[in-house]
Amino acid sequence: MSEPVVHVSELTRRFGATTALAAVTLSLPRGAVYGLVGANGAGKTTLIKHLLGLLRAESGSVRVFGLDPVADPVGVLSRIGYLSEENDLPDWMRVDELMRYSRAFYPAWDDAYAEELRQAFALDPTAKIKNLSKGQKARVGLLIALAHRPELLVLDEPSSGLDPIVRRDILGAIIRTIAHEGRTVLFSSHLLGEVEQVADHVTMISHGSIVLSGPLDEIKESHRADGRVPSLDEIFVAHVGTAADA
Amino acid sequence: MRSPAVAIAWEFRQRHRWGLIAVAGYLLVVATIRFLIVEPGEPVLVGSLRFAAVVSVPLTTTFVYLLAVFSFGFAGDLAARQSIYPARMFTLPVTTAALAGWPMLYGTAATAVLWLAARLFAVWPSGTEIPVIWPALLAATLLAWTQALTWMPYGLPGLRVIVAVLCLAALDTVVLLAIHYKAPERLMVAILAPQIPLAYLAARYAVARARRGDVPDWRGIFARVGNIADVLTRRRDHFPSPARAQVWFEWRRHGRSLLALVGLLLPFELALLWLAKDAPAFVFEILFLVLITPPFMAAFTGWTGSKPHPNVSDSYGVPPFSATRPLTSAALIGAKLKMAMWSTLAAWGLVFVTTPLALAWSGTWLVLMERAQRMNAAIGTPRAVAFVLLILAGFIVSTWKQLVQSLHIGLTGREWLIKGSVLLTLTFLILLGPIVEWIIDSPSVQRALWDALPWILAMLVGVKMSAAAWIATRLYRSRLLGDRALVAGAACWCVAVLALYGVLVWFFSTPFVARYVLALVAILAIPLARLSAAPLALAWNRHR
């Protein structure tokens, strides 16, 4: 079996008195779509920030492609495509300028694919990012994250910027395409229906701890009751509790 | 908590409780020292160094702190067009008069009480006659106008700072003139007392405008200039390397600010040359003004790198877009340093093109030539040329230094460190004038300073080199810089110090200045510690 793309071991993180991650251990093998689900404040974004090296492991270890993302940001980040939940693209740039700027950082940048995505997302290359709608900005972010055909695509709450009609098609198509190419996708969401549509594996996180992790089909099968396969929503509520803000 | 007045007061108290407790604690300590340790009734020597250290400096810092607290300066972006009054409070079911009035009442009362407490605990009885009422009124007036001017929405980014500084400086000047001409307390009260209701009306107008979202936008006037700048710097080809792309990014974000600010001020400064045809001394004052404009403006724009990013959750942290660039922290700093260099060169290019033209057209060129010939005759051509080049190089390097020297603070992303540093800088600037005046007025202090100069310089060099050694060790251990980069950086710094020392020795070949003093000056002049700390600061922020 090949080396996992992501290996997190006994990762703990505290913010003051709050424990954001409590001894989290996680391993993501290559070539699948992983859904990271949990209520708001469960620790999804904190975990993703550790994978990107934006947070330093207080205890435990984080390895992405076998590398420490804090010690070797270039080695890790050049192989990751990341779409942040925070819409922080430089709003003074034009779309084509952002594409040229981003191209410089990724040796594997594919001009033809970037152009194909730009046309598919109907983005005007001369438009300034600050003049785009929220949905268009999310599409630009997605374009930048995808155009260098990353080995690991990390999407942190990607649906927040896309309208409901296109987000299912776009996300589904892109995530499937990447997965078929042997690439890995990790995407966090608290919209469980969306996760159910595209994820092969699901990891549920609650109050900083992983409460359930495994292939989606196996999880569903193991929760079958009275011959009925429950939805991910129902499984989530069963594990995390009805009070969770899912 | 049923009253809005109580709720607003509670918020100030709750949010700044530790700062306010520290202020109260300080006053308590001063009162204890004054009444229990120092003999009661003994006059306080207001001009003494001990008084400055124990009373003047902490009191000024406290006053600046209160200005920031009651103007909501810790929460807002001073450089933004929008009011810094917290927008969340606009939706409260409270009248605009109350929104403006209560913070002003609490602020003016706090600053007045601060003065009265200090007057009672620290400067009573004093060796000299110190008034009681009008300084309290002055403190309250400065706070009220600071609130009104910072709460006002403006048409251009950064205009708030310029307007506030000019208005408060004008008010300060009136008061200083009144003190100089020994105006009686009644007159001072008559000047200051009407200011507070006027400031309240201005503040109410400002909050009302901000509350209805009425933010003027004058950026359209400069849109054409902006479009030209955009066209000139728009990227149409590919970047040869990530580092070049990052330098372009930094240039577009921060690089043009200095050029724009210098470009705005220069025409007004150079226009004064037409008024100075018959006053040669005035020509040199104008030229000095022109020369200090780039470093002065650089000090201002250097801080814009520490501006919060309103669109991200951790507004002082590195935004995720920048933090996830596949570049090392050292490379990100390198791009900032290069941008600062290009920005400096662009600003000075403008100065070097426009100033000779203005001198020639205004007919003041001859004044400059005449002075140059006199200098040539007095010290010889090589020294005269070296002197001019050294001065210009000093100004240019100082401009670059001003742009980059606060990176090690701004890039930490720690709000308390950034705001604390701004507070300290403001306090230092406020105290600088009185300290310089005190030194000028006191020959004994001048003598003592001159005698202690080598020790002071040696101590500063000791601090600088210790800090640099610590930073170099941290850089090495964290692998933020490779061995070769560290050695190359140290070698470049040594060469720069030696070169500057050589020039200084050649130029100041006089028995009155010892060579080791020149060596100490050269070591202090070339940036090292703060600059090397920038990658550490960024890494501390980027990988939290």
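Naming: A, B, ... by sequence-line order, numbering from 1 per chain. Nothing here was measured: the structure is a model prediction, and the numbers come from that model.
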Contact part of [X] toward chain B, heavy-atom cut-off under 4.5 Å: side chain, backbone, both or neither?
| X | value |
| --- | --- |
| Leu52(A) | side chain |
| Arg13(A) | side chain |
| Met93(A) | side chain |
| Leu98(A) | side chain |
| Arg103(A) | side chain |

Check each atom of Thr328(B) against the heavy atoms of chain A and say whether the ones under 4.5 Å are side chain, backbone, both or neither.
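The answer is both parts of Thr328(B).
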For residues [X] and [Y], determine if any side-chain heavy atom of one lies less than 4.5 Å from a side-chain heavy atom of the other.
| X | Y | value |
| --- | --- | --- |
| Thr324(B) | Phe105(A) | no |
| Ser102(A) | Arg325(B) | yes |
| His238(B) | Asp111(A) | yes |
| Pro73(A) | Arg542(B) | yes |
| Ser84(A) | Phe321(B) | no |
| Trp92(A) | Arg253(B) | yes |
| Tyr101(A) | Arg252(B) | no |

Is a donor on one side and an acceptor on the other found under 3.5 Å between the side chain of His543(B) and the backbone of Gly53(A)?
yes
More than 12 non-hydrogen atoms from neighbouring residues, nucleotides or ligands closer than 6.0 Å to [atom1] on [X], yes or no?
| X | atom1 | answer |
| --- | --- | --- |
| Trp109(A) | CH2 | yes |
| His207(A) | NE2 | no |
| Arg477(B) | CZ | no |
| Arg88(B) | CZ | yes |
| Arg474(B) | CZ | no |
| Tyr476(B) | OH | no |
| Arg14(A) | CZ | no |

Search all heavy atoms of Ala245(B) against all heavy atoms of Ala104(A) and return the closest pair with its distance.
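Heavy-atom minimum between the residues: CB-CB, 3.5 Å.
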Show the numbers, then the answer: is there a side-chain contact (heavy atoms from CB on, under 4.5 Å) between Trp248(B) and Glu97(A)?
CA-CA 11 Å; Trp248(B) 172 82; Glu97(A) 283 180 323; 3.8 Å; yes
